[in-house]
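Whatever order the structure lists them in is the order used to number ligands and atoms, beginning at 1.
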Amino acid sequence: MTDSTGTERNSTGMARRSGDPNWWRQASVYQIYPRSFADADGDGLGDLRGVTAKVPYLAALGIDAVWLSPFYPSPLADGGYDVADYRDVDPRLGTLDDFDRMTQALHAADIKIIVDIVPNHSSDEHPWFREALAAGRGSPARDRYIFRDGLGPDGSRPPSDWVSHFGGSAWTRITEPSGEPGQWYLHLFAKEQPDWNWEHPEVRKDFETTLRFWSDRGVDGFRVDVAHALAKDMSEPLRSKPSVADELTPVDGKDPLFDRDEVHEIYAQWRKVFDEYDPPRSAVAEAWVPAERRPAYASPEGLGQAFNFDLLRADFDRRAFREIITNNLDQAAASGASSTWVLSNHDVVRHATRYGLPPGHDLGQWLMGDGADPEVDYEAGLRRARAATLLILALPGSTYLYQGEELGLFEVADLPAAALQDPIWQRTRRKLKGRDGCRVPLPWTSAGPSFGFGPDGAHLPQPAWFADAAVDVQDGLAESTLEFYRAALRLRRELQGFEELTWADGSADDVLHFVRPGGWHCITNFGRSHVALPAGTCRISSGPLRAGELPPDTTAWLTR
Ligand code: GLC
């Protein structure tokens, strides 16, 4: 049978996986932050052998693909998003052989692998940056990055007012080989992450080499980090842009730093590389752009898919969900892509915590108070998180899940200042704690050193409550969040064949109800009182039902 996207399906609607060029359209993708997933060698950092050892766990979870955050050699100034060598494995995480073994094990379990590619900046320890520093002003080596002279008679002021995403100026001054204070280089993130000059043919060529390197090793797709920042307007005088807030980025494609129209020329070129493979390699853009600018990244001539982060900023609110879903399905249809759905990732406060705080709460400030004020309503947070997860799993498109959400993990909000690793902490002069609270190594067992994360400690301190959330506690326990995810992901396969969704209007005000092909109904109660469920067989619910009624903060899937 062939579905609306031309994909071959078997009788249960499952895509024929191997060789299917459309495998990504409806995939459930599980994000692994490798340093915090599983540590096989006991150095406190998760590693690739740790991932391989957990392939049976991933297979039992029922995901279609793994997205691996950076595992490349890196001084870890930004959790590995500062890459010193794009075509190797960080020795602390393993070797290329370990990578191949992990890929084979995933593929043998019918799980695809997507790797993170970080093209906006490298590490300041990348050989080409070291070469640029040594080669001096005006050298071809400097031209691979973005070096400029400073302003003022002695060049002591940065070339523009641009600011780093992590706080402070986006320019850092270097010392020239002569020992004199010298030029400045651009870094939209930490100072250890110099931005590449994408006007330079060698930079372009080198990334194509990297895409082929991993594709040749069997990688199925790429997640493209900060995909909207590669093309920059560096014409003099540099334009003023004193803030990085995305609402200040105009939608005309002419901002000096972000989402410029020329960036798509780069991805058109990458698409040619992806299409050299059979099936073509997939890609998903991390592009923090206004909704109407997203289809360009997601077009089949470009990366093919783009993240929609709208739900990361939305409260657990019926109206917000309905609007976001409608807009994104429309946009995806406009670009020929499928939608993406994300509730948590390695950059944001975990959704079980977010939904337990008052709507619209400032999460940065809340973290500064160690998560004590206001207190999280953990029960409501987890109830809503499960309801939201079941809702997005019923939607057409791919769902990106973040490691640990299947255990119902909350943000670790009270990490001691001394343990913080995120560059945001230092760059904001300790005004924001950053993202470590969602990156704490996973609890696999309720006892033992580092809760089974590894044979020894963990690189971020794990809280005592991890004991109750551990995999071995939840495994086989019918009402656990882990078993709930497993059941939902299994059932989702029956829904995956088709991309249509019809709203069932006429339900109660606080209820969101849609129908998928095959008579699948997904109903979420965002309100405060129980609502009657329509007739049908309940296939799964995110919490207990009460005699034909859907309680508040609960989602159910029915078939009729
Ligand atoms: C992306 C990553 C984030 C990283 C940043 C700089 O937003 O998701 O973790 O810090 O890019 O590479």
Side-chain angles (χ1 to χ4, degrees), residues 29 31-37 46 67-86 90 114-126 129 145-146 162-168 170 172 186-196 198 207 210 222-230 232 244-246 249 257-259 263 283-289 294 297 303 306-309 312-313 340 342-350 363-364 400-404 411 420-428 432-440 460:
V29 184
Q31 181 189 356
I32 291 184
Y33 191 75
R35 287 175 185 77
S36 300
F37 184 68
W67 148 30
L68 207 59
S69 281
F71 50 86
Y72 313 106
S74 165
L76 299 185
D78 180 23
Y81 283 89
D82 46 324
V83 179
D85 181 349
Y86 289 85
D90 189 318
I114 296 174
V115 297
D116 223 306
I117 187 105
V118 189
N120 181 64
H121 43 263
S122 70
S123 156
D124 60 350
E125 289 191 12
H126 190 287
F129 191 71
Y145 290 89
I146 304 179
W162 298 347
V163 285
S164 144
H165 243 283
F166 295 156
T172 289
L186 181 69
H187 52 88
L188 293 184
F189 293 86
K191 74 172 183 359
E192 296 84 358
Q193 294 169 295
D195 280 37
W196 288 110
W198 273 89
F207 270 91
T210 296
F222 297 90
R223 177 260 187 194
V224 184
D225 190 65
V226 212
H228 57 311
L230 276 47
K232 298 172 178 91
V244 282
D246 9 291
T249 299
L257 297 176
F258 296 106
D259 190 29
V263 78
V284 56
E286 187 215 20
W288 294 83
V289 297
R294 218 174 283 143
Y297 294 85
L303 294 175
F307 278 120
N308 128 45
F309 294 127
L312 297 182
R313 308 191 233 211
T340 53
V342 188
L343 293 171
S344 279
N345 66 28
H346 67 298
D347 287 331
V348 297
V349 170
R350 285 186 177 275
L363 298 170
Y400 289 80
L401 307 167
Y402 177 54
Q403 68 179 35
E411 187 79 1
L420 297 177
Q421 300 173 9
D422 191 335
I424 290 179
W425 173 240
Q426 291 299 343
R427 288 197 65 90
T428 60
L432 289 174
K433 277 178 136 184
R435 303 157 293 175
D436 293 311
C438 64
R439 300 175 177 182
V440 176
L460 279 168

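Residues of the protein with a heavy atom under 4.0 Å from ligand 1 are D78, Y81, H121, F166, F189, Q193, R223, D225, V226, E286, H346, D347, R435, R439, listed by chain and number.
For D259, the side-chain hydrogen bond (donor to acceptor under 3.5 Å, both in side chains) partners are R293, Y297, not counting sequence neighbours. Looking at residues two or more places apart in sequence or on another chain, you find a side-chain hydrogen bond (donor to acceptor under 3.5 Å, both in side chains) between D347 and R435, R439. Listed by chain and number, the residues in a side-chain hydrogen bond (donor to acceptor under 3.5 Å, both in side chains) with Y402 amount to none (sequence neighbours excluded).
Between the side chains of W196 and N120, no donor-acceptor pair of N or O atoms lies under 3.5 Å. Looking only at atom types and distance, the side chain of T340 has no donor-acceptor partner in the side chain of N308 under 3.5 Å away. Counted by atom type alone, Q193 and S122 present zero donor-acceptor pairs between their side chains at under 3.5 Å.
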